[in-house]
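Labels below follow one simple rule: chain letters A, B, ... track the order of the sequence lines, proteins then strands, and each chain is numbered from 1.
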Number of protein chains: 2
Amino acid sequence: MTTAAPAKPARRTPVPRNAARNSAESRIVRSIGEAIADRRLPPGTKLTEESLAEAFGVSRERVRKVLLLLAQRRVVTLIPNRGAFVAKPTAKEAREVFEARRVIERAIMERLERLPRPLPDDMLEKLRDHGALEDAAERAADRKAMIRLSGQFHLLLAEVAGNATLTGILADLIDRSGLAIAAFERRSSHTCSADDHRRLIAALIGNRPGEAMTLMIEHLDEVERQLDLEAKTDTRIDLKAIFANEPEPA
Amino acid sequence: MTTAAPAKPARRTPVPRNAARNSAESRIVRSIGEAIADRRLPPGTKLTEESLAEAFGVSRERVRKVLLLLAQRRVVTLIPNRGAFVAKPTAKEAREVFEARRVIERAIMERLERLPRPLPDDMLEKLRDHGALEDAAERAADRKAMIRLSGQFHLLLAEVAGNATLTGILADLIDRSGLAIAAFERRSSHTCSADDHRRLIAALIGNRPGEAMTLMIEHLDEVERQLDLEAKTDTRIDLKAIFANEPEPA
DNA sequence: CTGGCCCAGTTTGTGCACAATCTGGAGTGC
DNA sequence: GCACTCCAGATTGTGCACAAACTGGGCCAG
């Protein structure tokens, strides 16, 4: 399952051409990020360097670099001499992340309101295309696709709004809120309803930006409200993570 | 010059105790970050791995790790096979960063407004202490200290507001806006006036939160207004950096 | 039986050597 | 004289080997 061929020479991969170097790296980041987002890697999961290296067919150093990147984005927690774990946000952090999202996304909706009307065709097309994808995923009951598309929807709005810096910040927050949802969701909740997105798209396309703003705020509140932030999670890993994050008294 | 003693054993430093490992790393990050903030390392400066390794007395791998972290925070730009450079933001990016700061800091001021009054004593003390430090730096005409304290002031407000996630986001934005200021400041401008901060502290301590909000927004606008964002900067490095950032057509 | 200690195995951390790539300049043909 | 090619030096990228540290279980004393 790990390595298809028992022969070792496959391990020797001195990078024939370097064109794929940077993309291989970000490919792994995306791959792990998506696996975390759609719950294949639940919070607290140990991410052993060697296992990941085998899984992606790269060297351990590459994995180490990727883990450092993910740690910087707070998606994984790096504990010195212990290894990497899928981050397990505390209730406090979850609330903070959602508040930050409200702050950023409110700003994005304000930006969308200020865009010259009517919106350009390619923008409308992107929105409609995305809506179609979400509809399809919902009809197919493809939960993983729905989760991924839900995040992409918010990111798409940020891109359309045109501030790449805010978009980058939001990308991180979306990953982290996915983590928070994974850690605190109630049994049998439906996370991000595609219907909210549908109405939002309709409001934007129909030139009703004020309504879109209201919908977005209600949408984010609704997602957070579906979480059980009072639930006491398994504190064992939390304690270690917390103390490992601030090991320096100076 | 490279190694003080011609004898080789000094080079062998297998980390006697690991307690200082993580802190050494973040110490270098802070050190480089401050050097960039107070213009000792202007935008575009080449950061050779070996030079930094010598300067900080650590191995090249450690420096590489630090540069990766700084690159993630957009403070340095990493160009494949070319090396690391102090980031040189474009005018567009500078505007975006300042807009993002307005968004985040407006949210922080709203949070401060909602804090229960009167504010706790330790909070007031922190604000007063900081004000005293800024006054002292201004009297001493210590430009470097003023720049550093100015950033710390905004960060202090974020900490007091109590959302660590927003604080983390703002920390990055402050570093990047420092970079933007370094790249676009007009000759003979006074960056962040300590007087604005003084009035802000007074408004907060004096329980006039609405006034504080207004002051903050005006303050940020003023800082951005002092920049010459129309100036065409040297595009040679920009082109390379831009094309290196998005090398993947897929 | 309980608690502490120690040891073996596994995982992470780091220095190092070498490979790949880029830069700038000299050399050569048209 | 101009442009193109090629080479030497320097810098970055990567695999690898070994060292350090942690984990879990067995062992021994009380």
Side-chain angles (χ1 to χ4, degrees), chain A residues 2-3 8-26 28 44-71 76-86 236-237 239-241 243-244 247, chain B residues 1-3 8-26 28 44-71 76-86 236-237 239-241 243-245 247:
Chain A
T2 51
T3 50
K8 287 291 176 59
R11 199 168 172 182
R12 205 66 158 80
T13 313
V15 186
R17 56 200 178 286
N18 105 324
R21 196 194 49 77
N22 200 335
S23 86
E25 178 183 291
S26 53
I28 298 176
T45 305
K46 173 83 184 288
L47 298 174
T48 309
E49 294 180 357
E50 183 116 18
S51 311
L52 291 176
E54 277 182 32
F56 288 102
V58 299
S59 69
R60 200 160 65 87
E61 343 287 297
R62 193 68 58 90
V63 170
R64 174 177 287 269
K65 194 173 171 184
V66 167
L67 289 176
L68 194 66
L69 255 57
L70 289 170
V76 311
T77 303
L78 242 45
I79 305 181
N81 291 320
R82 291 284 315 285
F85 301 83
V86 177
R236 283 174 303 177
I237 298 178
L239 286 175
K240 290 178 187 172
F243 289 129
Chain B
M1 186 78 169
T2 53
T3 49
K8 287 292 174 60
R11 200 168 171 181
R12 210 62 161 85
T13 313
V15 184
R17 55 200 178 288
N18 104 325
R21 195 194 48 77
N22 199 335
S23 83
E25 178 183 292
S26 53
I28 298 176
T45 305
K46 174 84 184 287
L47 298 174
T48 310
E49 295 179 357
E50 183 118 17
S51 311
L52 291 176
E54 276 181 34
F56 289 103
V58 299
S59 69
R60 199 159 66 87
E61 342 286 298
R62 194 68 58 91
V63 170
R64 173 178 288 268
K65 194 173 171 183
V66 167
L67 289 177
L68 194 65
L69 256 57
L70 289 170
V76 311
T77 303
L78 242 45
I79 304 181
N81 290 320
R82 291 282 316 282
F85 302 82
V86 177
R236 282 174 305 178
I237 299 178
L239 285 175
K240 291 177 186 172
F243 289 128
N245 275 341

Would you mind reporting whether B:L52 and B:I28 have side-chain heavy atoms less than 4.5 Å apart?
no

With a 4.0 Å cutoff (strictly under), does any side-chain N or O of B:S59 reach OP1 or OP2 of C:dG15?
yes

For the pair made of [atom1] in [X] and [atom2] in [N], what is the distance, rounded to whole Å?
{"X": "A:E61", "N": "C:dG15", "atom1": "CD", "atom2": "P", "result": "13 Å"}
{"X": "B:I28", "N": "C:dT14", "atom1": "CD1", "atom2": "P", "result": "11 Å"}
{"X": "A:L68", "N": "C:dT14", "atom1": "CG", "atom2": "C1'", "result": "14 Å"}

With side chain to side chain contact (heavy atoms under 4.5 Å, CB included) as the test, pick out the partner of B:V76 among B:L68, B:L47, B:V66.
B:L47

Output, in order, the C-alpha distance, side-chain angles, deciding distance and verdict of side chain to side chain contact (heavy atoms under 4.5 Å, CB included) for A:F85 and A:I79.
CA-CA 8 Å; A:F85 301 83; A:I79 305 181; 3.9 Å; yes

Polar-atom pairs under 3.5 Å, protein N or O versus N or O of nucleotides 7-12 of chain C: list them with distances, or write none.
from, atom 1, to, atom 2, distance (Å)
C:dT12, OP2, A:E49, N, 3.4

What pairs with A:A53 under side chain to side chain contact (heavy atoms under 4.5 Å, CB included), at least two apart in sequence or on another chain?
A:V63

So, are A:E49 and A:R64 salt-bridged, with charged N and O less than 4.0 Å apart?
yes

In terms of heavy-atom contacts, B:K46 and B:R82 come closest through CE-O, 3.4 Å

